[in-house]
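Let me begin by presenting the structure, written as structure tokens, before commenting on it.
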Amino acid sequence: MTTVLAIETSCDETAVAIVNNRKVCSSIVASQIPAHQQYGGVVPEVASRQHLETINVAIAQALEQAQLHWGKIDAIAATCAPGLVGALLVGLTAAKTLAMVHNKPFLGVHHLEGHIYATYLSESTLNPPFLSLLVSGGHTSLIYVKDCGIYETLGQTRDDAAGEAFDKVARLLKLGYPGGPVIDKLAQQGNPQAFALPEGKVSLPGGGFHRYDTSFSGLKTAVLRLVQQLEKDGGQVPVADVVASFQDTVARSLTKRAIACALDYGLDTIAIGGGVAANSGLRKNLQAAAIKHNLRVLFPPLKFCTDNAAMIGCAAADHLSRGHTSPLTLGVESRLALTQVMKLYQPLE
Ligand code: KG4
Ligand code: ZN
């Protein structure tokens, strides 16, 4: 059994957790949403400063909640890519310093690999291969999970991430930030068939459409045009119907692609992750389609879907059990493909 203290500071949550392989001993998530709300989105400089102010307290809380001392920790991990550089640096530097001070192995973790591992926290018997649908504020990807560190990205968004589309549509309707939860709630009072919106197909050079890639920027523009037209026509904009139609379009688009991908690659399980996994429209749509096609869909609890450090610790524990550690010279990267994960590790000497 491997006990890892993990840190996640890639965006706007300062998170620290202690995990014992797939078991969560403690998980602290300090959200910065109130600090960014007044700007209508995440401000990188504000995020870095907030991480700096919170990180030491969060580490102390994680140890206290788990009732563990440093002697019981086998390794220290932190997200090193992708994400906001200044934000990542705070967590990575803290982890490297602790690893040096306490003389423990150190591991850098890819944020998306963490999101994939989140499913293991609630599904202790799950093993690859399976399909991972990651839908967050920064990412929308369909990933073929082959083994620890071995991934193939089968589909992704060509422009906006799913959560980003929710946030942008909420902003144009002046519904506040983050937009996903507000839209989800409001959509329940609206008619999802009220307006026909474009699903965002991605054309292939030789004709036809990409089976797995998505594009949400056209959908966002279509919502803008629709609202402008409704305003021009006079009368009140039926906001609930607009967001219900938008949400349904996103849900159908993601469901169609995830199911096609699972069937094409002969994968019987789809594990969902990221903040948009909370969306009731997506859950309903995907669940219904999965039943029809005899597939299994796993929706981990929301606390593991949104950014947290337990998922980072879980990934690190698996890498460590295979003898992987990272050099203390490892830096942060704002972008890093999931296929490059193994570059973060060296064999244990
Ligand atoms: O995974 P996450 O917490 O952070 C990252 O982006 O990594 O995801 C945040 C995103 C935001 O864009 C937020 O609007 C969206 O997830 N979100 C939702 C819902 N709850 C959060 N989107 C749709 N429906 C929801 N219920
Ligand atoms: Zn994330």
Side-chain angles (χ1 to χ4, degrees), residues 6-15 17 27 29-33 36-37 40-42 44 47 78-84 87-88 91 109-119 132-141 143 156-157 160-173 175-188 190 192 216 219-220 223 243-244 246-255 271-286 299-312 314-315 334-336 338:
I7 302 175
E8 152 65 47
T9 60
S10 67
C11 191
D12 60 348
E13 327 271 4
T14 313
S27 179
V29 181
S31 170
Q32 302 180 356
I33 287 177
H36 298 287
Q37 225 149 21
V42 178
T79 308
C80 61
L84 301 171
L88 285 166
V109 175
H110 191 289
H111 183 73
L112 292 190
E113 187 174 39
H115 273 301
I116 292 168
Y117 271 76
T119 310
S132 174
L133 169 63
L134 295 185
V135 274
S136 71
H139 306 276
T140 297
S141 319
I143 296 155
Q156 57 198 324
T157 179
D160 294 349
E164 196 179 350
F166 273 92
D167 294 337
K168 286 180 175 172
V169 166
R171 193 181 308 168
L172 76 89
L173 290 165
L175 298 174
Y177 173 87
V182 193
I183 289 184
D184 197 351
K185 205 164 156 216
L186 199 56
Q188 282 163 31
F216 291 120
L219 171 59
K220 170 199 66 196
V223 174
V243 296
F246 160 76
Q247 177 171 295
D248 190 59
T249 308
V250 175
R252 280 187 291 108
S253 161
L254 292 170
T255 298
I272 183 157
V276 185
N279 189 261
S280 57
L282 176 61
R283 285 179 171 241
K284 244 183 266 163
N285 236 284
L286 197 52
F299 289 100
L302 195 61
K303 62 177 181 198
F304 298 146
C305 284
T306 52
D307 286 353
N308 66 87
M311 65 186 195
I312 303 299
C314 187
S334 61
R335 299 169 73 95
L336 182 70
L338 200 50

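Ligands are counted one by one from 1 in listed order, and the atoms in each one are counted from 1 as well. Note that this is a predicted model, so its numbers are computed, not measured. Only this structure's heavy atoms are used, side chains among them; waters, hydrogens and symmetry mates stay out.
- Ranking protein heavy atoms by distance to atom 15 (C) of ligand 1, first place goes to Val276 CG2, 4.0 Å.
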>> Using side chain to side chain contact (heavy atoms under 4.5 Å, CB included), reason through Ile272 and Val135 one step at a time and then give a plain yes or no.
In response: CA-CA 8 Å; Ile272 183 157; Val135 274; 4.2 Å; yes

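- In summary, the atoms of ligand 1 found under 4.0 Å from a heavy atom of Gly163, numbered by their order in the structure, are 12 (O).
- Between His115 and ligand 1, no N or O atom pair is found at a separation short of 3.5 Å.
- To the nearest 0.5 angstrom, Asp12 atom CG is 7.0 Å from Asp307 atom CG.
- Closest protein heavy atom to atom 17 (N) of ligand 1: Gly275 O, 3.6 Å.
- For the pair Asp167 (side chain) and Gly179 (backbone), a donor-acceptor distance under 3.5 Å is present.
- Using a 4.0 Å cut-off between charged nitrogen and carboxylate oxygen, Asp248 and Arg252 count as a salt-bridge pair.
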>> Could you go through Ile116 and Leu134, starting from their C-alpha distance and side-chain angles, then the distance that decides it, and tell me whether this counts as side chain to side chain contact (heavy atoms under 4.5 Å, CB included)?
In response: CA-CA 8 Å; Ile116 292 168; Leu134 295 185; 4.3 Å; yes

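- Every N/O-N/O distance between Glu13 and ligand 1 stays at or above 3.5 Å.
- Note: Phe216 CZ to Thr249 OG1 = 9.5 Å, rounded to the nearest 0.5 Å.
- Here the protein heavy atom with the shortest distance to atom 24 (N) of ligand 1 is Asn279 ND2, 2.9 Å.
- Distance from atom 22 (N) of ligand 1 to its nearest protein heavy atom, with residue and atom name: Gly180 CA, 3.3 Å.
- Of the protein's non-hydrogen atoms, Asp167 OD1, 2.7 Å is the one closest to atom 14 (O) of ligand 1.
- Geometrically, ligand 1 and Phe166 share no nitrogen or oxygen pair separated by less than 3.5 Å.
- Between the side chains of Glu13 and Thr306, no donor-acceptor pair of N or O atoms lies under 3.5 Å.
- For the atom pair NZ of Lys168 and CG of Leu219, the computed distance is 11.5 Å after rounding to the nearest 0.5 Å.
- Residue Thr306 has no N or O atom closer than 3.5 Å to an N or O atom of ligand 1.
- Contact annotation: the side chain of Thr79 approaches that of Leu88 to within less than 4.5 Å [non-hydrogen atoms, C-beta and beyond].
- Taking distance alone, with nitrogen or oxygen atoms compared against 3.5 Å, Gly137 approaches ligand 1 more closely than that limit.
- Proximity of Gly274 to ligand 1 is established by a heavy-atom distance of less than 4.0 Å.
- No donor-acceptor contact under 3.5 angstrom links the side chains of Gln156 and His139, judged on distance only.
- Nearest non-hydrogen protein atom to atom 26 (N) of ligand 1 is Asp184 OD2, 2.9 Å.
- Rounding to the nearest 0.5 Å gives a distance of 11.0 Å between OG1 of Thr119 and CZ of Phe299.
- If you take CG on Leu282 and CG on Leu133, they are separated by 6.5 Å, rounding to the nearest 0.5 Å.
- For the Zn ion (ligand 2), protein N, O or S atoms under 2.8 Å: 3 in total.
- Rounding to the nearest 0.5 angstrom, the gap separating the NE2 atom in His110 from the CG atom in Leu338 is 5.0 Å.
- For atom 4 (O) of ligand 1, the nearest protein heavy atom (residue, atom name, distance) is Asp307 OD2, 3.7 Å.
- In the vicinity of Gly138, heavy-atom distances shorter than 4.0 Å reach the ligand 1 atoms 6 (O).
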